[in-house]
Q: 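The structure is given below, and queries will be raised subsequently.
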Amino acid sequence: MLIIYNFGIKVYHFFIIIFSFFNSKAKKWIDGRKNWRNKFKPDYVKENIWFHFASLGEFEQGKPLLKAIREYFPDKAIVITFFSPSGYEVRKNSPLGDYILYLPIDSPRNAKDFIAIFKPQIAFFNKYEYWYYYFKELNQHHIPLYVTSAIFRPDQIFFKWYGGFNRKILSYVTHFFIQDSQSGALLKSIDLNNFTISGDTRFDSVLDLAKNRKEFPLINNFKAEKNLFIAGSTWPEDENLIANYIKNKYTEWKFIIAPHEISETKLLALEKLLDNKSVRYSVMNGADFQDKQVVIIDNIGMLSSLYSYGNLSYIGGGFGAGIHNTLEAAAWGLPVIFGPKFQKFKEAKDLIAVKGGFTISSQQELNQILDLLINDENHRITCGNNAAKYVEQHTGATEMIMKKVFGF
């Protein structure tokens, strides 16, 4: 199986190189990993703590733990690695990290050199990404490795008869901090009992964001006295449905759409879809936008605070690989609507169960749910309160991890 693993890594790397000639994200993935050994000179006097995140969403999820460790251990350096450009490019200058870089591709040499250069005292991998050589190297150096906010499903290879090699990777983990009891039962089924059901640190993260919201006077002026619908992290499939609703349904509401991708091509396509009823946030200052029904957010970083201005939300991605972060909107007491691909997201299933979230798979279903929530204010407020209460009741994972790992 190790031969297959190595071959798969090389094939993946090869295709990323090919894509890098015409895809900017792939190019950043490749360029960001070049000559990584020569880019960093860690302070060997300090003991390093290593955090790894797949992408931006995982970073935001793990931020409460990062902040807690930064606060309790100011004398220690923090190394942050990302797999994806969407994480690294946005957070490469984060004050929470002393050394921030792309995770070098998993190989015996890279893992050995990475540990030798940074000398981590302890490592945290958030939610997923299980890399054989890095985990093995940490284990051989007796460096504790914790996986936080982990969640497992029966269909994963770890729990298949042919998943022995993948189970070996899990055996290198010192302790798992998992989100739910089902994950615990699955780990027990493969004789791994080194876990704590701590929940998801994303709940702590969104509550922290809510306490430190940013003010956007232009959005406040745009909303005025009207209700506001916010669609966050949308993809074209989501935007088609929302645009059709805006064009074909009479509503006194205002709308904000924050696309997942903000390339000029994507923004122009969205503007065309909205029949010039929109204005980009970047040109609102000094512009007359009161006759516009939609604001398009053409930057990264505003969305989590934007929800504080909203009355209802839609979270994109549910017609593609999977929905994005529902909890940021729920924390502000907004009912959340999302597409059909939500099964891998425990919080989405929970929000549906507590009647704070709704899933749709067609234009007709979106129209029905929006009509209900827009026209019935009491029902909308009740659903929003259900969502906010759900978030509040599930905080505390960061504190539990700190107590288990550090004793306080």
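Both backbone and side-chain heavy atoms feed into the values below; hydrogens, waters and symmetry mates do not.
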Q: Return each pair, listed once, that meets side chain to side chain donor-acceptor pair (under 3.5 Å) where at least one residue sits in residues 2-22; pairs must be two or more places apart or across chains.
A: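 Checked against side chain to side chain donor-acceptor pair (under 3.5 Å) - neighbours excluded - the pairs reaching residues 2-22 are Tyr5-Asp106, Asn6-Tyr133.
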Q: Taking all atoms of both residues into account, what is the closest heavy-atom pair of Pro259 and Ile297, and its distance?
A: CD-O, 3.3 Å
Q: Checking Asp204 side chain against Gly396 main chain: does a donor-acceptor pair fall under 3.5 Å?
A: yes
Q: Should the heavy atoms of other residues, nucleotides or ligands under 6.0 Å from NZ of Lys112 be counted, would the total exceed 12?
A: no
Q: Within the structure provided, determine whether Ile122 and Val405 are in side-chain contact (heavy-atom separation under 4.5 Å).
A: yes
Q: Who pairs with His175 by side chain to side chain contact (heavy atoms under 4.5 Å, CB included), at least two apart in sequence or on another chain?
A: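 Per chain and number, His175 pairs via side chain to side chain contact (heavy atoms under 4.5 Å, CB included) with Tyr146, Phe177, Asn194, Thr196, Lys404.
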Q: Within the distance-only criterion (no hydrogens, no angle test), does the side chain of Lys349 pair as donor or acceptor with the backbone N or O of Gln343 below 3.5 angstrom?
A: yes
Q: Sequence neighbours excluded, which residues qualify as ring pair (Phe, Tyr, Trp, His ring centres under 6.0 Å) partners of Phe255?
A: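 Ring pair (Phe, Tyr, Trp, His ring centres under 6.0 Å) check on Phe255 returns Phe229.
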Q: Could you report the tightest heavy-atom contact between Tyr307 and Ser313, atom names first, then the distance?
A: CE2-CB, 4.2 Å
Q: Would you indicate whether the side-chain heavy atoms of Asn227 and Leu312 approach each other to under 4.5 Å?
A: no
Q: Which heavy atom in Pro154 sits nearest to a heavy atom in Phe159, and how many Å separate them?
A: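 For Pro154 versus Phe159, the nearest heavy atoms are O-CB, 4.0 Å.
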Q: Does Glu392 CD have over 12 foreign heavy atoms under 6.0 Å away?
A: no
Q: Distance-only, no hydrogens or angles: does the Ser308 side chain make a donor-acceptor pair with backbone N or O of Ser305 under 3.5 Å?
A: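 Such a contact is found between Ser308 side chain and Ser305 backbone.
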Q: Could you check if a side-chain atom of Ser181 sits within less than 4.5 angstrom of a side-chain atom of Ile197, using non-hydrogen atoms only?
A: yes
Q: Of Lys266, Lys277, Arg280, which meets salt bridge (Lys or Arg N to Asp or Glu O under 4.0 Å) against Glu271?
A: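 Output: one option passes, namely Arg280.
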Q: Quick one: do Asp200 and Arg202 make a salt bridge, cutoff under 4.0 Å?
A: yes
Q: Is there any side chain to side chain donor-acceptor pair (under 3.5 Å) pair reaching into residues 81-93, and which pairs are they, with sequence neighbours excluded?
A: Trp50-Thr81, His52-Thr81, Ser55-Ser86, Glu60-Arg91, Ser84-Ser86, Glu89-Lys92, Glu89-Tyr102
Q: Is it true that Asp98 and Arg70 have a side-chain N and a carboxylate O under 4.0 angstrom from each other?
A: yes
Q: Could you point out which residue of Phe82, Phe83, Phe19, Phe15 forms a ring-ring contact (aromatic ring centres under 6.0 Å, His included) with Trp29?
A: Phe83
Q: Can you list every ring pair (Phe, Tyr, Trp, His ring centres under 6.0 Å) pair that touches residues 342-385, not counting sequence neighbours?
A: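 Passing the test, one end in residues 342-385: Phe338-Phe342.
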Q: Test side chain to side chain contact (heavy atoms under 4.5 Å, CB included) on Lys127 and Phe53; report intermediate values, then the result.
A: CA-CA 8 Å; Lys127 193 173 182 178; Phe53 305 102; over 6 Å; no
Q: Is it the case that over 12 heavy atoms from other parts of the model lie below 6.0 angstrom from the OH atom of Tyr72?
A: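 No, because the 6.0 Å sphere around OH of Tyr72 holds 12 heavy atoms or fewer from other groups.
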Q: Please report the closest heavy-atom contact between Tyr134 and Pro104, naming both atoms and the distance.
A: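 Residues Tyr134 and Pro104, closest heavy atoms: OH-O, 2.8 Å.
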Q: Can you name the residues that form a side-chain hydrogen bond (donor to acceptor under 3.5 Å, both in side chains) with Lys346, not counting sequence neighbours?
A: Asp350
Q: Is there a side-chain contact between Lys341 and Ile323 in this structure, where contact means two heavy atoms from C-beta onward sitting under 4.5 Å apart?
A: no
Q: Please determine whether a side-chain nitrogen of the Lys or Arg among Glu71 and Lys67 lies less than 4.0 Å from a carboxylate oxygen of the Asp or Glu.
A: no
Q: Within a 6.0 Å radius of atom NZ on Lys247, are there more than 12 heavy atoms belonging to other residues, nucleotides or ligands?
A: yes
Q: For atom CG of Asn193, decide whether the heavy atoms of other residues, nucleotides or ligands shown that lie under 6.0 angstrom number more than 12.
A: yes
Q: Step by step, work out the side chain to side chain contact (heavy atoms under 4.5 Å, CB included) result for Val295 and Val279.
A: CA-CA 5 Å; Val295 170; Val279 59; 3.9 Å; yes
Q: With distance as the sole criterion, is a donor-acceptor pair present between the side chains of Lys76 and Gln121 under 3.5 Å?
A: yes
Q: At their closest point, which heavy atom of Ile369 faces which heavy atom of Ile337, and how far apart are they?
A: CG2-CD1, 3.8 Å
Q: Kindly write out the residues that satisfy side chain to side chain contact (heavy atoms under 4.5 Å, CB included) with Lys136, not counting sequence neighbours, or none if the list is empty.
A: Tyr132, Gln140, Tyr172
Q: For the pair Phe158 and Tyr130, name the ring-plane relationship: parallel under 30°, tilted 30 to 60°, perpendicular over 60°.
A: perpendicular
Q: Return each pair, listed once, that meets ring pair (Phe, Tyr, Trp, His ring centres under 6.0 Å) where at least one residue sits in residues 186-212; pairs must be two or more places apart or across chains.
A: Phe203-Tyr390, Phe203-His394
Q: So which of Ile78, Thr398, Ile49 actually passes side-chain contact (heavy atoms from CB on, under 4.5 Å) with Leu66?
A: Ile78
Q: Under 6.0 Å between ring centres, would you say that holds for Trp253 and Tyr245?
A: no
Q: Identify, with sequence neighbours excluded, every residue that meets side chain to side chain contact (heavy atoms under 4.5 Å, CB included) alongside Ala388.
A: none
Q: Backbone N or O of Gln61 within a donor-acceptor pair of the Thr201 side chain at under 3.5 Å?
A: yes
Q: Can you tell me if Asn48 uses its side chain to pair, donor with acceptor, with the backbone of Val79 under 3.5 Å?
A: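 No, Asn48 side chain to Val79 backbone: no donor-acceptor pair under 3.5 Å.
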Q: Would you say Leu2 has more than 12 foreign heavy atoms packed within less than 6.0 Å of its CG?
A: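 Result for CG/Leu2: enclosed.
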Q: When you measure from the side chain of Gln363 to the backbone of Leu241, do you find a donor-acceptor pair of N or O atoms at a distance under 3.5 Å?
A: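 Yes, because the side chain of Gln363 sits within donor-acceptor range (under 3.5 Å) of the backbone of Leu241.
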Q: Got a sec, which pairs hit salt bridge (charged side-chain N to carboxylate O under 4.0 Å, His left out) with one end in residues 158-181, sequence neighbours left out?
A: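 Passing the test, one end in residues 158-181: no pairs.
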Q: Is the number of heavy atoms from other residues, nucleotides or ligands within 6.0 Å of CZ (Phe22) greater than 12?
A: yes
Q: Which heavy atom in Thr359 sits nearest to a heavy atom in Pro340, and how many Å separate them?
A: OG1-CA, 3.7 Å
Q: Does the ring centre of Phe73 sit less than 6.0 Å away from the ring centre of Phe406?
A: yes
Q: Among residues two or more places apart or on two chains, list those pairs meeting salt bridge (charged side-chain N to carboxylate O under 4.0 Å, His left out) that have a residue in residues 368-380.
A: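 Only Lys249-Asp371 qualify under salt bridge (charged side-chain N to carboxylate O under 4.0 Å, His left out).
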Q: With a 3.5 Å distance limit and no angle check, can you tell me whether Lys119 reaches the backbone of Ala116 through a side-chain donor-acceptor pair?
A: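 Between the backbone of Ala116 and the side chain of Lys119 there is a qualifying donor-acceptor contact (under 3.5 Å).
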Q: Using modelled atom types only, decide if a donor and an acceptor are shared between the side chain of Asn35 and the backbone of Asn38 within a distance under 3.5 Å.
A: no
Q: Would one find more than 12 heavy atoms of other residues, nucleotides or ligands at under 6.0 Å from atom CD of Glu264?
A: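 Yes, CD of Glu264 has more than 12 neighbouring heavy atoms, counting only those of other groups under 6.0 Å.
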Q: Do Phe222 and Tyr309 have ring centroids that are under 6.0 Å from one another?
A: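 Ring-ring flag for Tyr309/Phe222: false, centres at least 6.0 Å apart.
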Q: Ring pair (Phe, Tyr, Trp, His ring centres under 6.0 Å) with Phe176: which residues, sequence neighbours excluded?
A: Phe152
Q: Hey, are Glu215 and Arg213 close enough for a salt bridge, meaning a charged N less than 4.0 Å from a carboxylate O?
A: yes
Q: Is Tyr128 close to Glu58 at the side-chain level, that is, under 4.5 Å between some pair of heavy atoms?
A: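 They are in contact (side-chain heavy atoms under 4.5 Å apart), so the answer is yes.
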Q: Is there a donor-acceptor contact under 3.5 Å from the side chain of Asp238 to the main chain of Gly317?
A: yes
